[in-house]
Amino acid sequence: MNLTSTRVLLGNEAFARGLVENCCAFTYAYPGTPSSEILPAYLAEARAAGITVYGHWAVNEKIAMEAALTAAATGMRSCAVMKQVGLNVAADPLMSGAYTGVAGGMVVISADDPGPYSSQTEQDSRFFAMLAKLPVFDPATPDEARTMVARAFTLSEECHLPVLIRPTATLCHARQDMVCAPVPAAARQPKFVREPARWAATPRHRYRLHRELNSTLERLAADDTFRFAPNDDQPVPLAVVASGVAWAMTADLVERHCIPENELLLCKVDLPFPIHRASIEQLLRQAEHILVLEETYPVIEYQFRRGDRVSGRLDGTVPTAGELTPELVGRLVTDRLKRSRPPAPAPAMNAAPRRPQLCPGCPHRASFYALKKTLKQGFYAGDIGCYTLGLNLQALDTCLCMGASITQASAFYQVHSRTGTLIPPIAAVIGDSTFYHSGIPALINARQEDSRFVLLLLDNLTTAMTGNQPTPASGCLADGSPAPAIFPEKIIRGCGLPEPEVVDPYDQEALHRALRAARTYALRPDGGIGVVIARHPCMMDPAARRQARRFTVSLSDACTGCGTCIREFECPALRPPAAEGGSISIDPLTCVGCGLCRAACPFDAIVCTPVAAVTREPRDRAAGEKTREITR
Amino acid sequence: MMTTTRTRKNLCTDMVIAGVGGQGVVFLSRLLAEAARLEHRHVLTYESHGMAMRGGSVLSHVRLGNVHAPIVGPGEADIILVVAAAEIANVAAFAHDRTLTCVNAGADDTAAIAATALPGRVAIVDATRLAVSLQAPRAVNLVLAGFAGCAAAFPFDHQALAAALATMSPADKKKAANIAALKCGWNAGVELD
């Protein structure tokens with residue numbers, strides 16, 4: 001093992017490394033857990049290797065996919081990175097791109113979230129690949145994430161198709177030692193070869209392209225590179241066919257319990273679609289029974305087309321929802337082997353996990369508080385981001401998908417207005433990054449329908465949920481280089497709405513006033529959508545934290561311990577009374593001193609004393625001490 | 001085609017580290033991974049799920065040797081490090097009869113530890129107090145690691161951990177303090193074996 005080329009990399013960093021090792025010159029992504037670390041790592045790896053690449057946070061996944069397909073059409077190697085629900089947004093170019101194909105290699109990394117832990121669905125991107133009729137790899141370890149990028153580019157250029165790689169969250173966030181390959185110097189130049197019958201194919205040509213695609217898939221299904229069953233006919237009572245992390249867990253189990261190969265044949269599938277046909281046929285001859293372990297949907301299992309001899313998710317042997325764990329894999333395999341079970345594990349861990357909460361000092365909490373107080377008993381259409389946690393504050397009624405809040409508010413208005421029923425106060429709540437992602441067409445549509453509601457744009461000047469990636473308003477690109485800044489107020493004005501009021505949610509009175517004015521505007525006969533932009537930087541931004549005004553927060557004797565502040569405001573720094581009849585307390589380690597909770601106490605018991613503006617930078621302090629020394 | 005070697009689990013060490021956000025649990029797992037890399041050993045680590053929260057539970061899995069999946073199964077941890085004693089209930093399911101569990105705990109925490117009734121051996125050190133006495137209150141994680149390092153079952157001694165610290169952050173301004181924290185933990189653990 002060579003220590004200099006051996007590195008311990010995160011699964012997502014391993015993907016990035018793979019992209020750089022394989023001359024991928026253009027990578028487009030939209031942030032989303034668990035895929036968000038790939039693009040920054042790609043830029044960092046390229047910088048460290050001294051090569052020039054372009055990595056861009058696209059406004060949404062559809063744009064990322066279209067850009068990557070175009071780069072690949074010019075013969076360059078490209079990649080599109082997203083999470084599984086992002087692939088839904090990118091479905092249109094992906095489906096079409098499967099027919100038109102690529103000239104240079106193109107890889108799509110779509111990260112799944114079995115569980116789910118931070119997504120709306122548990123959907124399986126491998127099924128999407130099947131729907132689009134595109135090959136998909138399923139890596140099992142971080143090192144394999146890196147090497148499968150190389151295999152995917154080779155395959156993509158061999159069959160002129162975009163190739164998917166589908167990791168799961170466990171793989172994205174695992175670290176492993178690996179021996180990295182050298183980074184070659186980029187040598188390609190873009191060269192777009194005009195071929196209207198392909199790049200601008202009409203339906204007639206699409207039929208031909210579809211047939212071409214089918215024959216490519218047939219060829220791949222017969223390609224012995226992807227054989228996953230050993231090439232012999234040794235009969236075996238049980239074959240376990242697995243892919244991805246499910247394979248890794250099964251392999252560990254087999255090794256730990258020394259299960260011999262004549263008892264259990266473990267087969268690892270690298271390319272779940274199109275599946276290697278000969279391996280399937282051989283296993284059906286060779287194995288008495290086949291158990292398929294895969295996440296999250298039965299992609300491999302479906303392709304066996306044999307319910308009688310194959311068990312998995314389709315027959316309910318494997319639970320049809322949720323992620324696989326070492327414990328579950330152990331139970332499934334030992335049940336099938338009819339071996340004695342491994343010693344029963346101790347009771348489930350983490351009995352009461354804490355529910356996620358907005359951070360202390362989060363400007364969204366202040367915005368939700370004002371929304372609840374001004375649009376009482378309203379319908380609050382929510383969206384995707386940190387502010388989905390407005391649910392905890394009873395300030396969200398819906399959360400469907402990216403950008404849906406505006407359309408849901410609009411449709412809710414139309415449903416009540418056109419049926420002549422009483423229209424409650426309606427609000428759409430959307431974050432800045434989500435607004436750019438898919439809120440803008442929704443706003444145009446709502447304006448055209450003349451819907452009436454309050455649009456509260458929570459603008460924290462960043463893509464906070466996924467790790468503070470820049471937005472179009474940030475004035476910079478993914479690598480930090482300057483770019484034109486595009487602000488939402490201009491877009492809103494462009495839809496024929498008046499200049500929206502921009503308020504700092506830390507100024508509760510001003511926000512209450514602005515929301516009431518927006519509501520009045522929405523009700524006026526000549527009114528429209530009343531827009532309020534609540535703008536305050538995310539508290540995870542260290543610069544914003546340093547600049548913020550700070551208070552020392554404490555409870556006075558007036559506190560009755562009623563818990564209204566915790567229920568209505570839910571700041572993690574507010575701690576319930578230790579004993580019945582006690583007082584609420586403030587956790588000094590968690591409290592950031594924003595002082596916003598004061599408004600949430602019905603007894604005015606929360607006391608906020610301003611902290612004198614001291615520069616808290618250690619460097620400044622050191623400089624100050626030096627000055628004193630000199631004066632002395 | 002990747003095949004597995006069906007050998008008895010040898011030279012593999014499974015570890016779990018529990019604590020709360022801000023205590024350096026993830027840093028500790030990265031440090032152990034770096035120490036493994038320096039000794040040419042294979043390593044897989046993983047931080048268990050949950051949205052990032054300040055003060056929320058953090059659970060790290062560190063697996064050394066020829067393993068494939070990054071997750072330690074129930075009853076399969078050889079070493080457990082508990083940086084915050086209150087988190088001990090979250091790791092009970094990982095322990096087996098020969099597990100060594102090292103807990104950072106003060107006098108107030110003994111009841112919680114006793115209530116968990118972990119199988120295997122439990123060693124307690126007041127790493128918080130030791131770190132504070134070194135005027136390095138953030139180095140609790142390193143004191144605990146140095147302490148565990150004394151046990152024969154633990155794969156890295158304080159010198160191996162110090163070497164990993166040096167390669168992880170060569171320009172570390174707190175280098176001396178961090179190495180002192182490892183050593184202080186080590187000194188507290190001399191009677192472990």
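Residue numbers start from 1 in every chain, and the chains themselves are labelled A, B, ... in the order their sequence lines are given, proteins ahead of strands.
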Enquirer: How far does OG1 of A/Thr6 sit from CZ of B/Arg37, to the nearest 0.5 angstrom?
Expert: 7.0 Å

Enquirer: What are the two closest heavy atoms between A/Pro326 and B/Ile71, and how far apart are they?
Expert: CG-CG2, 3.9 Å

Enquirer: For A/Pro34, which atoms come within 4.5 Å of any heavy atom of chain B: side chain, backbone, both, or neither?
Expert: neither

Enquirer: How long is the span from the CD atom in B/Glu47 to the NE2 atom in A/His173, to the nearest 0.5 Å?
Expert: 10.0 Å

Enquirer: Pick from B/His61, B/His96, B/Arg30: which one has the most heavy-atom pairs with chain A under 4.5 Å?
Expert: B/Arg30

Enquirer: Let's go through B/Asp14 and A/Arg256 carefully: what are the C-alpha distance in whole Å and the side-chain angles of both, what is the deciding distance for side chain to side chain contact (heavy atoms under 4.5 Å, CB included) to 0.1 Å, and is it a yes or a no?
Expert: CA-CA 12 Å; B/Asp14 282 348; A/Arg256 179 178 282 267; 3.0 Å; yes

Enquirer: Show the nearest heavy-atom pair for residues B/Val43 and A/Val8, with the distance to one decimal.
Expert: CG1-CG2, 4.3 Å

Enquirer: Enumerate donor-acceptor pairs with a distance under 3.5 Å from any side-chain N or O in residues 146-167 of chain B to protein atoms, sequence neighbours excluded.
Expert:
unit_1   : atom_1 : unit_2   : atom_2 : d
B/Asp157 : OD1    : B/Gln159 : N      : 3.1
B/Asp157 : OD1    : B/Ala160 : N      : 2.9
B/Thr167 : OG1    : B/Glu34  : OE2    : 2.6
B/Thr167 : OG1    : B/Ala164 : O      : 3.1

Enquirer: If you look at every heavy atom in A/Pro142 and B/Leu44, which pair is closest and at what distance?
Expert: CD-CD2, 4.0 Å

Enquirer: Measuring from atom NE2 of B/His68 to atom CG of A/Leu253, what distance do you get when rounded to the nearest 0.5 angstrom?
Expert: 11.5 Å

Enquirer: Can you tell me how far the CG atom of A/Asp177 sits from the NE2 atom of B/His40, to the nearest 0.5 Å?
Expert: 11.5 Å

Enquirer: Distance check, rounded to the nearest 0.5 Å: A/Glu327 atom CD versus B/Glu76 atom CD?
Expert: 10.0 Å

